[in-house]
Amino acid sequence: MPSTDEFTGWLGLDAKSVEGNLVKTTFNPKVFTDDDIDIKISHCGMCASDLHTLRSGWGASLYPVVVGHEIIGTITRKGKNVTQFEIGDRVGVGAQCASCLKDDCYECTHDNEPYCTERVFTYNDTFPGTDDVAYGGYALQGRYPASFAFKIPDGLPSEIAAPMMCGGITVYSPLKRNGAGPGKTVGIVGIGGLGHFGLLFAKALGSDKVYAISRSNAKEADVLAMGAEGIIATKEPGWAKDWTRKFDLIVSTANNADMPLHDYLSILKPGGRFVQVGLPEEPIPQIQFGPLVTMNVHLLGSLLGSRSEITEMLETSAATGIKSWVQTYPMEEVNEVLKLMEAGEAKYRFVLCN
């Protein structure tokens, strides 16, 4: 039976909502259980996934939808089974809010919760075996299973932590899992919300050299300020020839289907890895298997990160002083900020504040 509780948020009612047409109104969150927490939301980062979902770019969305999965807030209510948190604790919730967590689930018992067959995304999803819809963080309140909430370290401001809950962990996990660190040369494709985290975390993990890979060198000053050695402009004819066999790892945050994938694979060292985390709405062109076979390179994908990786990322960020590059706006201005985001104006993450 649906919850009778009422929360307030900014709802997308159809595909035109992405044009700045969210409606502030009430919605009914999931039924409260002994394993849940209620959060008074203070901050929510804006992710490209929000735009894809609002316009049904990845398939028909579950309207009405409340997007936003880079959530920070304080706990106002907790179920009796929740022992790891207290009322008033500052916590974050990312793009995944649940999985089965069963003892016989290989993914959940091997730090791979994002790949659990009962994974629940924080919005535009439903909870297995119920009529409950998952609603995100463009709201005043949120209700989520406590098992996918994370204590925010005291040294990490909320507006800095919020974008890490999705944008940060989406690149931190593949960097960590694919060997970014001392002795490695790492490339990050796309210098946006995810890409800027890629540069920051690749350096924080101790990689010898980190390069941004972008269409142009327009963001060169920012890239250098983030600690990268430089920027590689792919609009330059023959750009890949100068970088053949230079990279151990490339993480691509690009969302464009026309990416020069063949060139990206050609600049990897033998045994190098290309990890795609951006999700274009259109299919990418067919690729040639030549580089995969003759260079023994690996073409991989990655979705989010495990709970242990999120905790590690937050602790690492607090300890090393990593700062997300953010621009903050009142939540009430969300429709205007959506337009700015669609126009590519974020440098490099918009954060909505209640």
Side-chain angles (χ1 to χ4, degrees), residues 3 5 7-9 29-47 49-50 66-99 101 108 111 113-114 119-123 125 127 132 134-170 172-173 197 304-319 322-324 326 328 331 349 351-354:
S3 168
D5 296 333
F7 287 178
T8 299
K30 72 182 296 294
V31 173
F32 192 85
T33 75
D34 291 337
D35 300 307
D36 289 337
I37 55 173
D38 282 354
I39 298 173
K40 180 181 179 182
I41 296 172
S42 65
H43 297 76
C44 186
M46 300 181 73
C47 178
S49 300
D50 303 344
V66 179
V67 298
H69 54 204
E70 298 180 339
I71 302 163
I72 305 292
T74 54
I75 296 176
T76 59
R77 180 186 181 189
K78 67 171 191 167
K80 67 180 182 180
N81 294 338
V82 179
T83 58
Q84 69 272 43
F85 299 124
E86 300 297 336
I87 302 298
D89 281 352
R90 185 172 63 124
V91 297
V93 176
Q96 179 181 3
C97 68
S99 70
L101 298 180
C108 287
D111 280 337
E113 299 97 337
R119 168 197 64 218
V120 179
F121 290 121
T122 298
Y123 62 71
D125 207 350
F127 291 87
D132 290 340
Y135 293 106
Y138 289 14
L140 301 182
Q141 311 95 356
R143 175 173 294 168
Y144 309 102
S147 53
F148 278 80
F150 302 87
K151 187 80 178 289
I152 304 300
D154 291 339
L156 207 54
S158 294
E159 69 274 15
I160 299 300
M164 294 180 180
M165 299 309 301
C166 174
I169 191 58
T170 297
Y172 184 88
S173 176
F197 277 123
L304 306 176
S306 70
R307 294 184 298 164
S308 63
E309 287 171 327
I310 293 174
T311 298
E312 179 183 291
M313 173 196 66
L314 293 171
E315 292 175 347
T316 297
S317 298
I322 289 178
K323 294 289 191 294
S324 318
V326 300
T328 59
M331 184 80 73
R349 210 60 156 181
V351 177
L352 302 172
C353 309
N354 282 315

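Count residues from 1 along the sequence.
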Is any side-chain heavy atom of [Y] closer than 4.5 Å to one of [X]?
X    : Y    : answer
M331 : C353 : no
L304 : F121 : yes
K78  : I87  : yes
S42  : N354 : no
I72  : I41  : no

side-chain hydrogen bond (donor to acceptor under 3.5 Å, both in side chains) partners for [X], two or more places apart:
X    : result
T170 : none
S308 : D111, S306
Y138 : D50
E315 : none

**Item:** Derivation and outcome, side chain to side chain contact (heavy atoms under 4.5 Å, CB included), residues V91 and I75
**Value:** CA-CA 7 Å; V91 297; I75 296 176; 3.9 Å; yes
So which heavy atom on [X] is nearest to which on [Y], and how close?
X    : Y    : result
T122 : G68  : CG2-O, 4.3 Å
A95  : C166 : CB-SG, 4.1 Å
Q96  : E113 : NE2-O, 3.0 Å
Y135 : Y144 : O-OH, 3.0 Å
F32  : G79  : CZ-N, 3.5 Å
V31  : D132 : N-OD2, 3.2 Å

**Message:** Using modelled atom types and a 3.5 Å cut-off, is there a donor and acceptor pairing between side-chain atoms of R119 and backbone atoms of P114?
**Reply:** yes
**Request:** Please round to the nearest 0.5 Å and tell me the distance separating atom CE of M165 and atom CD1 of I310.
**Result:** 5.0 Å
**Prompt:** D35: what forms a side-chain contact (heavy atoms from CB on, under 4.5 Å) with it, not counting sequence neighbours?
**Reply:** T33, N81
**Asked** side-chain contact (heavy atoms from CB on, under 4.5 Å) with Y172: which residues, sequence neighbours excluded?
**Response** I169, K176, F201, L205, E312, M313, T316
**Message:** Could you work out, with salt bridge (charged side-chain N to carboxylate O under 4.0 Å, His left out) as the rule, every residue matching R349, not counting sequence neighbours?
**Reply:**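 So R349 forms a salt bridge (charged side-chain N to carboxylate O under 4.0 Å, His left out) with E70.
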**Prompt:** Listed by chain and number, what are the ring-ring contact (aromatic ring centres under 6.0 Å, His included) partners of H69, not counting sequence neighbours?
**Reply:**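 Partners of H69 by the ring-ring contact (aromatic ring centres under 6.0 Å, His included) criterion, ordered by chain and then number, come out as Y123.
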**Asked** Taking I39 as the fixed residue, which of D89, V93, T76 is the one that meets the side chain to side chain contact (heavy atoms under 4.5 Å, CB included) rule?
**Response** V93
N/O donor to acceptor pairs below 3.5 angstrom from side-chain atoms of residues 146-163, sequence neighbours left out:
from	atom 1	to	atom 2	distance (Å)
S158	OG	R90	NH1	2.9

**Prompt:** Is the NZ or CZ atom of K30 both under 6.0 Å from the centre of the six-membered ring of F127 and within 45° of that ring's axis?
**Reply:** yes
**Request:** Output every pair passing salt bridge (Lys or Arg N to Asp or Glu O under 4.0 Å) with a member in residues 136-149, not counting sequence neighbours, ordered by first then second residue.
**Result:**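 Counting only pairs at least two positions apart or across chains, the salt bridge (Lys or Arg N to Asp or Glu O under 4.0 Å) contacts touching residues 136-149 are D5-R143, D38-R143.
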